[in-house]
Structures are given as C-alpha cells and as structure tokens.
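Because the structure is a prediction, the values reported are computed rather than measured. Residues take their numbers from the sequence shown, with the count starting at 1. As a basis for the values below, the full set of heavy atoms in this structure was taken, side chains included, without hydrogen atoms, waters or symmetry mates.
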Amino acid sequence: MASACMGDIAILEVALRNHMDRQLSLISLEQSATEDWYMAGLRFDDRTQRQIREAWGHLTIQQKKRHAHGHLVAALTFGFWRNLLENGGAIHAHWPDEGSADYENDLWRKGVVKAFPGGRRHALDTNDKWTRNYALDIVKTVHALRNRVAHHEPLVNGIPLPGENRRIALVDAVQACFDLAMIMDRDLYAWLMDNSKMNLVLNHEPQPNE
C-alpha cells in the first residue's frame, strides 16, 4: 500500500507545484514584471524564504550549469507548497520592523486560489464553504500520508495528522488524494480514478473475517 501511495502522490505533487507555481508567476508578473516569483519581493515569511534559499543552495552545489525557474520549482518540497496555504508566519528580515506574512490576502486572494479551479464545486458538493483552509486541510492530509509512507511507518492503524492530536483511517487519507486531484483538475481526477494503484490495493484489502 505504501508503494501504491507513493506512486500516486508523486503525480499529485507535480500537479500541485505546477498549478501553484503558475499562479505565483502571474501574481509576480502583475507586481514586478517577472515570472520569477521567488525574486519578486512577495511577502513570504521567514520559513518560506529559508526553504527557497536552501533549495537554491542545493541546486548551486549539485549543478555546475546555470539553473533556472523550473529547477527551483522542482527542488522545493511538498511541505513548501503546503506551507503557502497556511496563514503565513513571522518576517524578521527587516528587524526591528518585524511583521507577519499574510498569505490569505497576499497570495490566496491575489491568485493562488485559481490553482484549484474545482475547489468551489467540490466544497459545495460536500456542503462546506470554499476557503483557503478547505484546500489546506486536503493538502495537509495528503502530505501527512506522503510522509508516513516515505518514512516507512505503518498504515494499518491510520494516519496521524501533525498538530491535530488525531488520526484518520487510511481510506480517508486516500480519499484526500482524490479530492486534491478533483479541486485541481477534473481530467487528472478522472485519470487517477482509472489508474490509481491505491484504489487497486484498497479494493483487495483483506476483511477482518478473512
């Protein structure tokens, strides 16, 4: 099951970063006439800035040739993109004029919401309200599942959600993967439903009386 999850989540991770990168580039073009959003002076918190610097630094060490926008996007972790859906944390770069990043207004409402064109319909179908937190909950669950299998931890007792003091059933974590595909791209969702290894394994899961 862990192997099946990693294969499907790898596809979702590429889709997530590409969708969010595209919208960040459009925000950057509006504000600074460049698609390189990581150099456009957007109000990223300290954690985000550190992750960008670390990814850029690793690229510099690993590649002798000049690296570009696409290289950086691919080098940023799943957690990086999840963090951009959080509230935004402290900014200490201009101490003593400390402040906080506001990802709701500076990122989400300026365009990152468009990375999830199916979000409003999906929330409506679940009798919920389409918000940044709605998207975040789905991405956080997929990220938790991804980390669980990447660290070779057991799945049989459910998936702990970091910071929430609770765990969810494996089938619910897998459903979050399909939810993420749905809110990003209905074609991706349809493809995943037809080709998902996770579904294949879950459908053959032994029952307690077997």
Check for a donor-acceptor pair, side chain of Ser32 on one end and backbone N or O of Leu29 on the other, with a separation under 3.5 Å.
-> no

| field | Within 6.0 Å of CZ in Arg47, more than 12 heavy atoms from elsewhere | value | yes

**Message:** I'd like to know if Leu192 and Val14 are part of one continuous hydrophobic network [Ile/Leu/Val/Met/Phe/Trp/Tyr, side-chain heavy atoms within less than 4.5 Å].
**Reply:** no

Quiz prompt | Evaluation steps, side-chain contact (heavy atoms from CB on, under 4.5 Å), between Leu136 and Thr131 | solution = CA-CA 9 Å; Leu136 174 61; Thr131 63; over 6 Å; no

CG (Leu26) and CD (Glu35) are apart, to the nearest 0.5 Å, by 7.5 Å

Main-chain N/O of Leu42 paired to Asp106 side chain as donor or acceptor, under 3.5 Å: no

Report yes if the side chains of Pro160 and Arg148 come closer than 4.5 Å at any heavy-atom pair, otherwise no. yes

**Asked** Can you tell me if Arg43 uses its side chain to pair, donor with acceptor, with the backbone of Ser100 under 3.5 Å?
**Response** yes

CZ/Arg120: more than 12 non-hydrogen atoms of other groups inside 6.0 Å
no

* Asn165 atom CG: more than 12 heavy-atom contacts under 6.0 Å -> no

### Message
Within the structure provided, determine whether Thr126 and Asp179 are in side-chain contact (heavy-atom separation under 4.5 Å).
### Response
no

Heavy atoms of other groups near Asn157 CG, more than 12 under 6.0 Å
no

Heavy-atom closest pair (Ile159 atom, Ala173 atom, distance to 0.1 Å) is CG1-CB, 3.8 Å

Q) Do the side chains of Arg146 and Arg82 get nearer than 4.5 Å, heavy atoms only? A) no

- Has the side chain of Arg132 got a donor or acceptor atom that lies under 3.5 Å from a matching backbone atom of Glu86? yes

Could you walk me through whether Leu188 and Ile11 pass the side-chain contact (heavy atoms from CB on, under 4.5 Å) test, one step at a time? CA-CA 9 Å; Leu188 173 61; Ile11 295 169; 4.0 Å; yes

Open item on the list: Has His143 got a side-chain atom pairing as donor or acceptor with Val139's backbone, closer than 3.5 angstrom?
Closed with: no

Paired with Asp21, the side-chain hydrogen bond (donor to acceptor under 3.5 Å, both in side chains) test is passed by just one of Tyr38, Trp81, Trp37, namely Trp37

- Are the side chain of Gln49 and the backbone of Phe44 linked by a donor-acceptor contact shorter than 3.5 Å? yes

Practice task
Indicate yes or no for a side-chain donor-acceptor contact from Asp45 to the backbone of Thr48 under 3.5 Å, with no hydrogens or angles considered.
Solution key: yes

In this structure, CG of Leu12 is separated from CD1 of Ile138 (nearest 0.5 Å) by 11.5 Å

Distance-only, no hydrogens or angles: does the Asp36 side chain make a donor-acceptor pair with backbone N or O of Met39 under 3.5 Å? no

Q. Would Tyr189 and Ile183 satisfy side-chain contact (heavy atoms from CB on, under 4.5 Å), going step by step from the backbone distance to the final call?
A. CA-CA 9 Å; Tyr189 171 78; Ile183 66 174; over 6 Å; no

Between Lys140 and Glu164, does any NZ, NE, NH1 or NH2 come within less than 4.0 Å of an OD or OE carboxylate oxygen?
yes

Lys110 and Asn105 have their tightest heavy-atom pair at CG-O, 3.3 Å

Student check: side-chain heavy atoms of Leu85 and Val112 closer than 4.5 Å: yes

*asked:* For the backbone of Asp137 and the side chain of Thr141, can you confirm whether one donor and one acceptor N or O come within less than 3.5 Å of each other?
replied: yes

Paired with Trp108, the ring pair (Phe, Tyr, Trp, His ring centres under 6.0 Å) test is passed by just one of Trp130, Tyr103, Tyr134, namely Trp130

Separation between CE (Met1) and CG (Leu200), nearest 0.5 Å, reads 10.0 Å

Practice task
May I ask you to decide if Ala68's main-chain N or O and His71's side chain share a donor-acceptor pair within less than 3.5 Å?
Solution key: yes

Distance col, row Leu16:CG vs Phe80:CZ, nearest 0.5 angstrom, shows 11.0 Å

TODO: Please examine the side chains of Asn87 and Glu104, heavy atoms only from C-beta on, and report whether any two atoms are closer than 4.5 Å.
DONE: no

